[in-house]
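Would you mind keeping the following structure in view while I ask a few things?
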Amino acid sequence: MTTWNQEQQKEQKRVDQVIHKLADETDKLLEHLGGKKADVVQIRKNFWSDVTVNLEDADDAIETAASIKQQSELLSEIERSHTSAETRLKTYEKLKSSPYFGRIDFKEDGEKSAEQVYIGIASYYDEPSSTFLVHDWRAPISSLYYDHSLGEADYRAPSGNIEGQLELKRQFMIKNANITGMFDTGEAIGDDLLQHVLGNQANTQMKSIVATIQKEQNAIIRNTTSDLLVVQGAAGCGKTSAALQRVAFLLYRDRETIQSHHVVLFSPNNMFNSYVANVLPELGEENMEQTTFQAYVDHHLGRDYSIETPFEQMEELLSEKGDSKRVEAIKFKASVEFLEAIHRYAETLSKSGIPFLNVKFRDRIVIRSKQISEYFYSLDQKETVPYRMKKTVAWILEELKKIERRERKKPWVEKEIQLLDRNVYTRLYEKLEERNKYGADSFNDLSSEQKVLSAYVTRIAFKSLRESIEQFSFLDVKSLYAKLFQKNKRLIEDVNTWNEICNQTLFNLKQNHLANEDATPLLYVKELLVGFQSNAAVRHVFIDEAQDFSPFQFAFIQRVFPRANLTILGDLNQSIYAHASGETFSMLKNLLNKKNPETITLKRSYRSTKEIVEFTRSLLKDGNEIIPFNRSGDKPVIAAVEREEDHLNEVKDLVGNWLDKGHETIAVICRSAKESKDVYEKLKDNLDVRLMIDEDASFQKGVIVIPSYLAKGIEFDAVAIFDASGYQLERERKLFYTVCTRAMHELTVFYTGKPCPFIEGASENLYEVVQ
């Protein structure tokens, strides 16, 4: 038996010992939980019988309160103990299959021998031996595993910087309590382990990468000094995975001060949310709040306008209707210049010009817009506009109280009283009788009865109006935004299509429709005047696919979450929307006014084979900076087809071959949703395939047909690009690059007629041509 085999047997023996201890601990916890559950049930059942209830005098009342408090505290303590035990049980269950994935031997300066540190997804402390049998990957000492090669090494502990020698770094693959692979490496994370992990099939849910975190990814995860962390990363570099592990690290490190609901993730769509939903639970943490910016906009504006989604905007630009004038309008409305123009506009409104609406009740004007304007502009102009707007709300509500009292004598009130539900009448009667104990009029008095019922009817009738006033419904937001687009007042001089922008914007507003590029600016203008609805409890905001965010959206998020540190993740090479700018990330420092910004660039791509990465980077003008991981596979295939029927047959045969190879996630990526529907209809009778054009759909295994823009952020075992001839415009170069980078193991690009110009720019030795 070789020395290495002996070493592996020794390590397997340790795995067995750890798992045996975990099994014993699990049994104890199950017994403990059973007892605690019974205790909770018993206390709840007998709660009031164990409480002395006596309210005869003050002393008895105090004794009763103390008794209730004692029982409540006992119940709370038992429930806390039960929850803690359940959490540990879940952790032990995860560790029993694979207790750890790494080992380091670290000899601290001044010590005689090295300490063996085994690293897993959670800590396991053995009380009998008073030692950690497994260290959590987020523990300070575990950073040695990710950051250092053999030799001199150090890590930052709460007590200060610890220096020493890293004498061994060992990586394990453990499945069902058996070591299936073991590697010693001098590097941070050895290529053998990465080769194994990256060679697996794509999954329908993103997995944790704690066993294979790279040094540059670890710098993202453990960053604790930056209030603005910008990560520019190539497709497949692991930036999203690193960000999710960063959330887990922050929840672990700052567990006394932040919980999962203090963290918010803005993601590109709801399908992506479902794709990443399992990572934090896998690491023993609750999921953070997940949303999309579109959902936020819909929540605030969706009742008043029909709002174009980013995907609807994309669909139009990819269709024959898409034109350069619309693109220029989109770019203008996403620009920093437009943002600055809106701030200048808001400053002028402090003195005059805010359009108000009449306040109506039952289709009658009860407070005229001119009255509101006169009151608002009578307030001290040294005060902020949001403060004056809130004062105006209070004034309108006071005026409505007066109007409400006058309305009680109107004929409509008597009619409403006659229609009152009997239960309502009974409740009012009981309420007045209660008041009568203290000298109020009796409900049996007819005049009193009429007063009470009239007050009730008018209060209910005015309720929705009061609530709408509190939401600033008297502010004419539509006119407020429309005034920005007066043709005779150019906001910015060098916009060539200013008249067209004005015409289209004003037309949409008349239809109560907001183009996607108008939604955030309009909401931003409103919030500048009424005050942003900020959430100071959120401490960390993560924005994924941030290259798709406009300056407006970044500025908006900053105001909504004023105390939050921002982690911005994106790839400028995957900027697929018309408003995208190559300066999106560089301008964030000044735009967001953060004190400690930092930018980290990830250049190495791990998702795809070396051959796919070399091909996809050649599609970009400056793609040579992207570094492929050395995992070999087949070259991408470029397949020319002459007829539509041949095209569909080729796709069907190719997908069949991929399924035979064992690929579990296969995507036929079309340019648009319209094309996706057409292709799906023609494939579904001969192929088990799903159509995914709804962003709310969940990502599942199998064969899917999906539009280009919805595939972003997801990875597949194999990808077939349907009719790449459709990608011809220069602004679609990055969209084509993005869809090609979805492939992990195999990529085939079909085209009919005119070849895709971006492929023609690639070296012919990077792909295989099939006619």
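Note that the numbering runs from 1 along the sequence shown for the chain.
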Does Lys674 reach the main-chain N or O of Ser319 with its side chain, forming a donor-acceptor pair under 3.5 Å?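 No, because the side chain of Lys674 does not come within donor-acceptor range (under 3.5 Å) of the backbone of Ser319.
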
Give the ring-plane orientation class for Phe338 versus Phe332, where under 30° counts as parallel, over 60° as perpendicular and anything between as tilted.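 Tilted.
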
Looking at Arg607 and Glu715, is there a salt bridge between them, counting it only when a charged N and a carboxylate O are closer than 4.0 Å?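 Counted as a salt bridge, because a side-chain N and a carboxylate O are separated by less than 4.0 Å.
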
Looking at Glu399 and Lys402, is there a salt bridge between them, counting it only when a charged N and a carboxylate O are closer than 4.0 Å?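 Judged by the 4.0 Å cut-off on N to carboxylate O distance, Lys402 and Glu399 do form a salt bridge.
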
Show your reasoning for whether salt bridge (charged side-chain N to carboxylate O under 4.0 Å, His left out) applies to Arg466 and Glu404. CA-CA 11 Å; Arg466 287 193 299 270; Glu404 182 183 325; 3.1 Å; yes

Check: Phe542 ring centre within less than 6.0 Å of Phe266 ring centre: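 Phe542 vs Phe266: aromatic centres not under 6.0 Å.
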
For the residue pair Tyr481 and Pro521, what are the closest heavy atoms and their distance?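 Heavy atoms only, the tightest pair is OH-CB, 3.7 Å.
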
Tell me if a side-chain donor or acceptor on Tyr345 pairs with a main-chain N or O of Leu480 at a distance below 3.5 Å.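 Here the side-chain-to-backbone pair exists.
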
Within the side chain of Ser468, is there an N or O that forms a donor-acceptor pair under 3.5 Å with the backbone of Leu465?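 Answer holds: yes.
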
Measuring from atom CE of Met389 to atom CG of Leu379, what distance do you get when rounded to the nearest 0.5 angstrom?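 CG of Leu379 is found 10.0 Å from CE of Met389.
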
Test Lys333 against Thr505 for side-chain hydrogen bond (donor to acceptor under 3.5 Å, both in side chains), laying out the working first. CA-CA 11 Å; Lys333 290 176 180 177; Thr505 304; 2.6 Å; yes

Please round to the nearest 0.5 Å and tell me the distance separating atom SG of Cys670 and atom CG of Leu318.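 Those atoms lie 12.0 Å apart.
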
For the atom pair CD (Glu545) and CG (Leu569), what is the distance rounded to the nearest 0.5 Å?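 Here the rounded value is 9.0 Å.
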
As a test of understanding, state which of Ile568, Val264, Val541 forms a side-chain contact (heavy atoms from CB on, under 4.5 Å) with Ile557.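 Going through the options one by one, the only one that passes is Val541.
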
For the student: nearest non-hydrogen atoms of Gly353 and Tyr377, plus distance: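 For Gly353 and Tyr377, the tightest heavy-atom pair comes out as N-OH, 3.3 Å.
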
Reported CD1-to-CG distance for the pair Ile669 and Asp723, which is rounded to 0.5 angstrom: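 Output value for this atom pair is 14.0 Å.
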
Side-chain heavy atoms of Thr292 within contact of Pro268, under 4.5 Å: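 No - every pair of side-chain heavy atoms lies 4.5 Å or more apart.
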
Evaluate the criterion ring-ring contact (aromatic ring centres under 6.0 Å, His included) for residue pair Tyr709 and Phe311; output intermediate values, then yes/no. CA-CA 7 Å; Tyr709 48 84; Phe311 301 131; 5.4 Å; yes

Pair Phe361, Phe462 - check ring-ring contact (aromatic ring centres under 6.0 Å, His included), show working. CA-CA 8 Å; Phe361 175 73; Phe462 272 80; 3.9 Å; yes

Report yes if some heavy atom in the side chain of Leu523 is under 4.5 Å from a heavy atom in the side chain of Phe552; otherwise report no.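 They are not in contact (no side-chain heavy atoms under 4.5 Å apart), so the answer is no.
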
Begin with the C-alpha distance, continue with both residues' side-chain angles, and end with the deciding distance and a verdict on ring-ring contact (aromatic ring centres under 6.0 Å, His included) for Phe556 and Phe532. CA-CA 9 Å; Phe556 200 95; Phe532 285 81; 5.3 Å; yes

Main chain of Arg368, side chain of Gln371: is a donor-acceptor contact present, judged purely on distance under 3.5 Å?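 Confirmed, Gln371 side chain pairs with Arg368 backbone.
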
Aromatic ring pairing Phe376/Phe356, orientation class (parallel under 30°, perpendicular over 60°, tilted between):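 Tilted, since the angle between the ring planes falls between 30° and 60°.
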
Between Glu732 and Arg671, is there a salt bridge with N-O shorter than 4.0 Å?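 Result for this pair is yes, salt bridge flagged.
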
Hey, does Glu308 have a side-chain heavy atom less than 4.5 Å from the side chain of Glu316?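 Answer yes - side chains close enough.
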
Mind checking what makes side-chain hydrogen bond (donor to acceptor under 3.5 Å, both in side chains) contact with Asp254, not counting sequence neighbours?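 Once residues adjacent in sequence are excluded, Asp254 has no partner under the side-chain hydrogen bond (donor to acceptor under 3.5 Å, both in side chains) criterion.
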
Partner of Ser369 under side-chain contact (heavy atoms from CB on, under 4.5 Å), chosen from Asp476, Asn358, Val359: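 Per the side-chain contact (heavy atoms from CB on, under 4.5 Å) rule, the option paired with Ser369 is Asn358, out of Asp476, Asn358, Val359.
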
Under a 3.5 Å distance rule, please check whether Arg246 uses its side chain to pair with a backbone N or O of Ile220 as donor and acceptor.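 At least one qualifying donor-acceptor pair exists.
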
Any carboxylate oxygen within less than 4.0 angstrom of a Lys/Arg side-chain nitrogen, looking at Lys401 and Glu398?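 Judged by the 4.0 Å cut-off on N to carboxylate O distance, Lys401 and Glu398 do form a salt bridge.
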
Distance check, rounded to the nearest 0.5 Å: Thr738 atom OG1 versus Gln574 atom CD?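 So the gap between those two atoms works out to 4.0 Å.
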
Do side-chain atoms of Lys390 reach the backbone of Val530 as a donor and acceptor pair under 3.5 angstrom?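 Answer holds: yes.
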
Begin with the C-alpha distance, continue with both residues' side-chain angles, and end with the deciding distance and a verdict on side-chain hydrogen bond (donor to acceptor under 3.5 Å, both in side chains) for Gln313 and Glu517. CA-CA 9 Å; Gln313 182 195 80; Glu517 61 268 23; 2.9 Å; yes

Are side-chain N/O atoms of Asn573 and Tyr737 paired as donor and acceptor at under 3.5 Å?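 Their side chains do not contain a donor-acceptor pair, so the 3.5 Å distance test is not met.
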
Taking all non-hydrogen atoms of both residues, which atom of His262 and which atom of Ala537 are closest, and how far apart?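 Nearest pair, atom of His262 first, then Ala537: CD2-O, 3.3 Å.
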
Assess whether a salt bridge exists between Lys239 and Asp544, defined as any Lys/Arg side-chain N lying under 4.0 Å from an Asp/Glu carboxylate O.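 Not counted as a salt bridge, because no side-chain N and carboxylate O are separated by less than 4.0 Å.
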
Please evaluate residues Asn516 and Glu312 with respect to the criterion side-chain hydrogen bond (donor to acceptor under 3.5 Å, both in side chains), reporting the C-alpha separation (whole Å), side-chain torsions for both, the decisive distance (0.1 Å), and the verdict. CA-CA 8 Å; Asn516 179 258; Glu312 288 169 342; over 6 Å; no

Between Asp571 and Gln547, is the side-chain hydrogen bond (donor to acceptor under 3.5 Å, both in side chains) condition met? List the steps. CA-CA 6 Å; Asp571 178 12; Gln547 73 278 356; over 6 Å; no

4.5 Å side-chain heavy-atom contact, Val297 and Ile307: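 Of all side-chain heavy-atom pairs linking Ile307 with Val297, at least one is under 4.5 Å.
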
Taking C-beta and beyond as the side chain, do Arg326 and Leu317 meet within less than 4.5 Å on heavy atoms?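 A side-chain contact exists here, since the closest heavy-atom pair is under 4.5 Å.
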
Keeping His579 on the side-chain end and Asp548 on the backbone end, is there a donor-acceptor pair under 3.5 Å?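 Present.
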
Does Ser350 use its side chain to pair, donor to acceptor, with the backbone of Glu347 at less than 3.5 Å?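 No, because the side chain of Ser350 does not come within donor-acceptor range (under 3.5 Å) of the backbone of Glu347.
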
Report yes if some heavy atom in the side chain of Val247 is under 4.5 Å from a heavy atom in the side chain of His540; otherwise report no.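 Contact flag for Val247/His540 side chains = no.
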
Are Glu730 and Arg733 within salt-bridge range, i.e. N to O under 4.0 Å?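 Salt bridge: yes.
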
So does Ser550 get a backbone contact from the side chain of Gln553, meaning a donor-acceptor N/O pair under 3.5 Å?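 Confirmed, Gln553 side chain pairs with Ser550 backbone.
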
Are Ser672 and Pro707 packed together at the side-chain level, in the sense that at least one heavy-atom pair is separated by less than 4.5 angstrom?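 No, too far: nothing below the 4.5 Å cut-off.
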
Please evaluate residues Lys463 and Glu470 with respect to the criterion salt bridge (charged side-chain N to carboxylate O under 4.0 Å, His left out), reporting the C-alpha separation (whole Å), side-chain torsions for both, the decisive distance (0.1 Å), and the verdict. CA-CA 11 Å; Lys463 182 180 179 183; Glu470 290 171 348; over 6 Å; no

Exercise: do Asn565 and Lys594 side chains pair donor with acceptor under 3.5 Å: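 No - no donor-acceptor pair under 3.5 Å links their side chains.
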
Ser676 OG to Ile693 CD1 distance, which is reported to the nearest 0.5 Å: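 Output value for this atom pair is 7.5 Å.
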
Looking at Arg539 and Glu289, is any side-chain nitrogen of the basic one under 4.0 Å from a carboxylate oxygen of the acidic one?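 No salt bridge links Glu289 with Arg539.
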
Without swapping roles, check the side chain of Asp227 against the backbone of Asn596 for a donor-acceptor pair under 3.5 Å.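 The answer is yes, because a donor-acceptor pair under 3.5 Å joins these two groups.
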
List the steps and the verdict of side chain to side chain contact (heavy atoms under 4.5 Å, CB included) for Val560 and Val538. CA-CA 10 Å; Val560 172; Val538 170; over 6 Å; no

